[in-house]
Amino acid sequence: MQKPDRLTEIVNQISIGLPRQFKITIFNAEAENSYEFTTSPELVLIQSFAPFFDKLLNRYKVYPDMTDVTDISVVNIPKSKIEGFGNIAKAVKLTEHYVIINGRKTEGIDSYLKKISTLVDISSVVTKGHGKAFCFDPKKIKAKCLKDWEEKSKITKNEAGFFSAEGTFSPKVVDLGSKELANFFCNKLHGRVADLGAGWGWLSFEALKQNIDKLDLYEANYTSYRCSKLNIEDKRVNYFWIDVMKIEKNHSYDVVIMNPPFHIGHKSDPNLGIYFIRKAAEILNRGGKLFMVANRKLPYENELNKLFDNIEIHQGYSGFKIIKATKPI
């Protein structure tokens, strides 16, 4: 029999004293985890990243955010500590019996344990698989800290005057790559435009200053998607919380703009940009234009040469390259 992972082990420990029918809600639920506990609780998963949400939806009850009361909540720690502590504050408000914090050493789980142990007694700690899971009684943690964590993680206006939040891409300022791309595509957009991986919407906001007919904004991060709807009020815009790879082929655009990601959480994956390039080629009309920005070191040229004509690569500032490419007629 396979040994239980640290999350399963701690849930099995603390569920002994709970009612026979109890509910577990898991923040930042991992798409590859089978979540097989010795007990058979009602299981609700929270996943705000559309590709992972879609994978989990085949097997579980999944939502992009937590709104209902639960008996046990699990917070898998994210990349941003402010977002992580914000999730803990939300979990504490909605949890009756135990809050579990779970993560790897490389993700900073020890710093969470150190901080929270100064605010409440830790009921149990399981160390396993290069990480830890620990739990506490949510009714006994100091409320003042929770308010602070909640406030810091809320959607608010950033330094540029746009709504954003921790856990989104470049939450405090407009990133330099997007600025360079917007300067480059100034007065060059027309017709139907798609913004792939739009974040909290700044590139779309800039694109809408031009005389375009329609803009479809596609974003996989649920918080970024919510922010984009607050940042842009324009009847030409349609908003989609979606895995960009699942955009249907029958869409047709005259222009695609994008600043594609090359990280998922803590992991770097340069192939993400290549997938975005392929999707752009798939949904562009013949003769349609792609405008994108990327770090100079990312190897996108081979894929661009396979799918596009008239490729122009302009070396931008601060380590970026701006790319303009045309889909063959």
Side chain to side chain, [X] and [Y], heavy atoms closer than 4.5 Å:
{"X": "S73", "Y": "L94", "result": "no"}
{"X": "N183", "Y": "L181", "result": "no"}
{"X": "I72", "Y": "L18", "result": "yes"}
{"X": "M258", "Y": "F291", "result": "no"}
{"X": "I323", "Y": "E312", "result": "no"}

Contacts table for residues 44-54: side-chain donor-acceptor under 3.5 angstrom, sequence neighbours left out:
from	atom 1	to	atom 2	distance (Å)
Q47	OE1	F49	N	2.9
Q47	NE2	A29	O	2.7
D54	OD2	K246	NZ	3.2

Atom pair CD (E303) and CG (N271), whose distance is rounded to the nearest 0.5 Å | 9.5 Å

Nearest-0.5 Å distance that lies between atom CZ in R226 and atom CG in D65 = 6.0 Å

E9 and R6: CA distance, side-chain angles, deciding distance, salt bridge (Lys or Arg N to Asp or Glu O under 4.0 Å) verdict = CA-CA 5 Å; E9 189 169 320; R6 61 179 176 270; over 6 Å; no

E219 vs W241, side-chain contact (heavy atoms from CB on, under 4.5 Å): CA-CA, chis, key distance, verdict = CA-CA 5 Å; E219 173 53 38; W241 176 56; 5.7 Å; no

Ring pair (Phe, Tyr, Trp, His ring centres under 6.0 Å) involving F308 - partner list, sequence neighbours excluded | none

Report the residues that fulfil ring pair (Phe, Tyr, Trp, His ring centres under 6.0 Å) with F240, sequence neighbours left out, ordered by chain and then residue number.
-> Y218

Passes side-chain hydrogen bond (donor to acceptor under 3.5 Å, both in side chains), Q13 versus S124? Steps please.
-> CA-CA 8 Å; Q13 285 178 15; S124 182; 2.7 Å; yes

Sub-6.0 Å ring centroid separation between F162 and W200 | yes

E30/L56 under side-chain contact (heavy atoms from CB on, under 4.5 Å): CA gap, chis, key distance, verdict | CA-CA 8 Å; E30 296 171 341; L56 291 164; over 6 Å; no

Run the numbers on K23 and E96 for salt bridge (Lys or Arg N to Asp or Glu O under 4.0 Å), then give the verdict.
-> CA-CA 10 Å; K23 179 178 173 182; E96 293 290 336; over 6 Å; no

Under the salt bridge (Lys or Arg N to Asp or Glu O under 4.0 Å) rule, what do E206 and K179 come out as? Steps first, then yes or no, please.
-> CA-CA 9 Å; E206 290 296 303; K179 282 184 177 180; over 6 Å; no

Quick one: do K327 and K289 satisfy side-chain contact (heavy atoms from CB on, under 4.5 Å)? Show the steps, please.
-> CA-CA 6 Å; K327 185 170 178 178; K289 301 288 191 296; over 6 Å; no

N102 versus I109, closest heavy-atom pair with distance = C-CD1, 4.0 Å

Atom of T223, atom of A165 and distance for their closest heavy-atom approach | CG2-CB, 3.8 Å

Pairs satisfying ring-ring contact (aromatic ring centres under 6.0 Å, His included), at least one member in residues 93-150, at least two apart | F85-Y112, F85-W149

Residue among D71, T70, T95 satisfying side-chain hydrogen bond (donor to acceptor under 3.5 Å, both in side chains) with T25 = T70

Does a side chain donor of either T326 or D309 reach within less than 3.5 Å of an acceptor in the other side chain?
-> no

Have D175 and S178 got a donor and an acceptor in their side chains that come within less than 3.5 Å?
-> yes

List in chain and number order the residues that pass salt bridge (Lys or Arg N to Asp or Glu O under 4.0 Å) with K214, two or more places apart in sequence or in another chain; answer none if no residue qualifies.
-> D216

For R192, all residues meeting side chain to side chain donor-acceptor pair (under 3.5 Å), sequence neighbours excluded = none

Return yes when atom [atom1] of [X] has more than 12 non-hydrogen atoms of other residues, nucleotides or ligands closer than 6.0 Å, and no otherwise.
{"X": "D234", "atom1": "CG", "result": "yes"}
{"X": "E233", "atom1": "CD", "result": "no"}
{"X": "K188", "atom1": "NZ", "result": "yes"}
{"X": "K139", "atom1": "NZ", "result": "yes"}

State whether the side chain of [X] and the backbone N or O of [Y] hold a donor-acceptor pair below 3.5 Å, judged by distance alone.
{"X": "K279", "Y": "I247", "result": "yes"}
{"X": "N28", "Y": "N76", "result": "yes"}
{"X": "K140", "Y": "V120", "result": "no"}
{"X": "T168", "Y": "S164", "result": "no"}
{"X": "N285", "Y": "G288", "result": "no"}
{"X": "E166", "Y": "S80", "result": "no"}

Please answer: with hydrophobic residues joined when any side-chain heavy atoms are less than 4.5 Å apart, are F163 and Y239 in the same cluster?
-> no

Does D110 pair with K105 as a salt bridge, N-O distance under 4.0 Å?
-> no

Test salt bridge (Lys or Arg N to Asp or Glu O under 4.0 Å) on K90 and E150 and set out the steps.
-> CA-CA 7 Å; K90 187 176 290 185; E150 193 172 26; over 6 Å; no

Please assess V173 against N158 for the test side-chain contact (heavy atoms from CB on, under 4.5 Å), listing each intermediate value before the final yes or no.
-> CA-CA 7 Å; V173 297; N158 61 21; over 6 Å; no

